[in-house]
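Everything on this sheet refers to the single structure shown next.
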Amino acid sequence: MSEDGSFAVAVIGGATAGAEAADIFAKRGFLTVVFEQNARPYGKVEDGLPRWHAGLRAKEYAAIDSKLGQPNVAFVPRTKIGRDVDFAALCRDFGFHAVVLANGAWRDRPLPIDGADAHVGKGLVYQNPFIIWFNHENERNFAGTRFEPVDDAIVVGGGLASIDVAKV
């Protein structure tokens with residue numbers, strides 16, 4: 001606790017989890033600083049939802065914006081912890097009482113089969129790069145991996161992301 005009785009918390013990641021954490025802390029009167037590596041705080045909401053989820057995307061954008069826009073929350077975009085700010089220094093030198101990692105959905109979980117990753121790019125495709133390609137393939141400056149969807153593919157998983165991949 002600081003001299004005036006207030007707490008300061010750093011949150012790494014500004015998307016759904018980071019915005020929720022910021023909302024909880026801010027409502028309790030904590031100064032909350034949210035560090036986001038991208039210019040916008042939407043994470044997988046922005047690129048991980050296929051483009052047909054326009055209504056859901058707009059709803060999630062509004063919820064994140066509301067949580068990050070309230071008093072006691074400072075949003076710091078374009079700041080990658082580990083590149084722009086040293087993680088150890090953030091924990092030790094910046095005066096935060098806590099550092100919360102809220103960067104969960106940025107990466108697909110690996111398929112839990114020994115040797116599976118040897119097949120990435122040879123028929124095995126993870127959801128994140130595939131949906132990012134689907135959402136941005138027609139953009140002139142798209143520089144990501146390109147895919148050719150094929151018939152008779154197998155989609156592993158039964159969650160919403162897997163259903164979206166099957167629809168593509």
Side-chain angles (χ1 to χ4, degrees), residues 1-112 117 120 126-137 139-145 157 159-162 164-165:
M1 189 173 342
S2 65
E3 290 180 18
D4 69 353
S6 63
F7 286 91
V9 178
V11 175
I12 301 172
T16 304
E20 185 65 24
D23 184 55
I24 291 167
F25 295 133
K27 285 180 176 170
R28 286 166 175 75
F30 299 4
L31 169 63
T32 307
V33 180
V34 179
F35 294 93
E36 169 58 45
Q37 68 180 348
N38 298 309
R40 295 161 44 103
Y42 308 122
K44 267 193 89 171
V45 173
E46 189 154 43
D47 280 324
L49 288 174
R51 50 187 180 244
W52 59 74
H53 285 300
L56 177 59
R57 184 177 289 109
K59 177 183 168 200
E60 292 299 320
Y61 284 176
I64 290 168
D65 289 344
S66 173
K67 291 171 183 177
L68 296 181
Q70 65 185 310
N72 292 338
V73 176
F75 177 65
V76 183
R78 295 185 181 101
T79 306
K80 186 172 183 177
I81 305 304
R83 179 192 69 203
D84 303 313
V85 175
D86 180 72
F87 180 73
L90 181 71
C91 294
R92 180 187 62 236
D93 303 333
F94 281 56
F96 292 111
H97 295 91
V99 176
V100 176
L101 300 176
N103 52 349
W106 65 276
R107 180 177 174 193
D108 291 307
R109 286 179 288 170
L111 187 62
D117 279 351
V120 172
Y126 282 107
Q127 184 265 347
N128 278 345
F130 187 70
I131 296 298
I132 289 169
W133 159 78
F134 178 75
N135 286 342
H136 300 285
E137 68 174 320
E139 295 172 7
R140 188 171 38 152
N141 296 328
F142 177 68
T145 304
L160 296 176
S162 298
D164 286 336
V165 167

Subject >> For His136, all residues meeting side-chain hydrogen bond (donor to acceptor under 3.5 Å, both in side chains), sequence neighbours excluded >> reply: Asp47, Glu139
Subject >> Sequence-distant partners of Glu137, side-chain hydrogen bond (donor to acceptor under 3.5 Å, both in side chains), two or more places apart >> reply: none
Subject >> Partners meeting ring pair (Phe, Tyr, Trp, His ring centres under 6.0 Å) with Phe94 (sequence neighbours left out) >> reply: none
Original post:
Hey, does Leu31 have a side-chain heavy atom less than 4.5 Å from the side chain of Ser6?
Top reply: no
Original post:
So how far is it from Glu46 CD to Ile132 CD1, rounded to the nearest 0.5 Å?
Top reply: 10.0 Å
Subject >> Listed once per pair and sorted, the salt bridge (Lys or Arg N to Asp or Glu O under 4.0 Å) pairs that draw on residues 82-93, sequence neighbours left out >> reply: none
Original post:
With a 4.5 Å heavy-atom cut-off, do Ile81 and Asn103 have their side chains touching?
Top reply: no
Original post:
Can you list the residues that meet the salt bridge (charged side-chain N to carboxylate O under 4.0 Å, His left out) rule with Arg28, with sequence neighbours excluded?
Top reply: none
Subject >> Nearest heavy atoms of Leu68 and Ala22, plus distance in Å >> reply: CD2-CB, 4.1 Å
Subject >> Atom pair NZ (Lys44) and CG (Asp108), whose distance is rounded to the nearest 0.5 Å >> reply: 5.5 Å
**OP:** Using salt bridge (charged side-chain N to carboxylate O under 4.0 Å, His left out) as the criterion, list what pairs up with Lys80, not counting sequence neighbours.
**Re:** none
**OP:** State which residues pass side-chain hydrogen bond (donor to acceptor under 3.5 Å, both in side chains) with Asn135; sequence neighbours excluded, sorted by chain then number.
**Re:** none
**OP:** Return the set of residues passing side chain to side chain contact (heavy atoms under 4.5 Å, CB included) with Pro112 (not counting sequence neighbours), or none when no residue passes.
**Re:** none
Original post:
With sequence neighbours left out, what residues match Arg78 under side chain to side chain contact (heavy atoms under 4.5 Å, CB included)?
Top reply: Ala39
Original post:
Is there side-chain contact between Arg40 and Tyr61, with heavy atoms separated by less than 4.5 Å?
Top reply: yes
**OP:** Kindly give the heavy-atom pair with the smallest separation between Ala10 and Phe35, and that separation in Å.
**Re:** CB-CE1, 4.0 Å
Subject >> Leu101 side chain near Phe87 side chain, heavy-atom distance below 4.5 Å >> reply: yes
Original post:
Asp117 and Pro110: which non-hydrogen atoms are nearest, and at how many Å?
Top reply: OD2-CB, 4.3 Å
Original post:
Is there side-chain contact between Trp133 and Thr145, with at least one heavy-atom pair below 4.5 Å?
Top reply: no
Original post:
Does Val9 offer a backbone N or O that forms a donor-acceptor pair with the side chain of His97 under 3.5 Å?
Top reply: no
Original post:
Just wondering, do Val165 and Phe134 contact through their side chains at under 4.5 Å, heavy atoms?
Top reply: no
Original post:
What closest approach, in Å, do Pro77 and Phe75 show between heavy atoms, and which atom pair accounts for it?
Top reply: CD-O, 3.4 Å
**OP:** Would you list the pairs meeting salt bridge (Lys or Arg N to Asp or Glu O under 4.0 Å) in which at least one residue belongs to residues 61-76, sequence neighbours left out?
**Re:** Glu20-Lys67
Original post:
Which heavy atom of Ala26 sits nearest a heavy atom of Gln70, and at what distance?
Top reply: CB-CD, 3.9 Å
**OP:** Please identify each residue that fulfils side chain to side chain contact (heavy atoms under 4.5 Å, CB included) with Leu56, with sequence neighbours left out.
**Re:** Leu49, His53, Glu60
**OP:** Name all residues meeting the ring pair (Phe, Tyr, Trp, His ring centres under 6.0 Å) criterion together with Phe30; count only those two or more places apart in sequence or in a different chain, and write none if there are none.
**Re:** Phe7, Phe25
**OP:** Grab the two heavy atoms, one from Arg57 and one from Pro50, that are nearest each other, plus how far apart they are.
**Re:** NH2-O, 3.4 Å
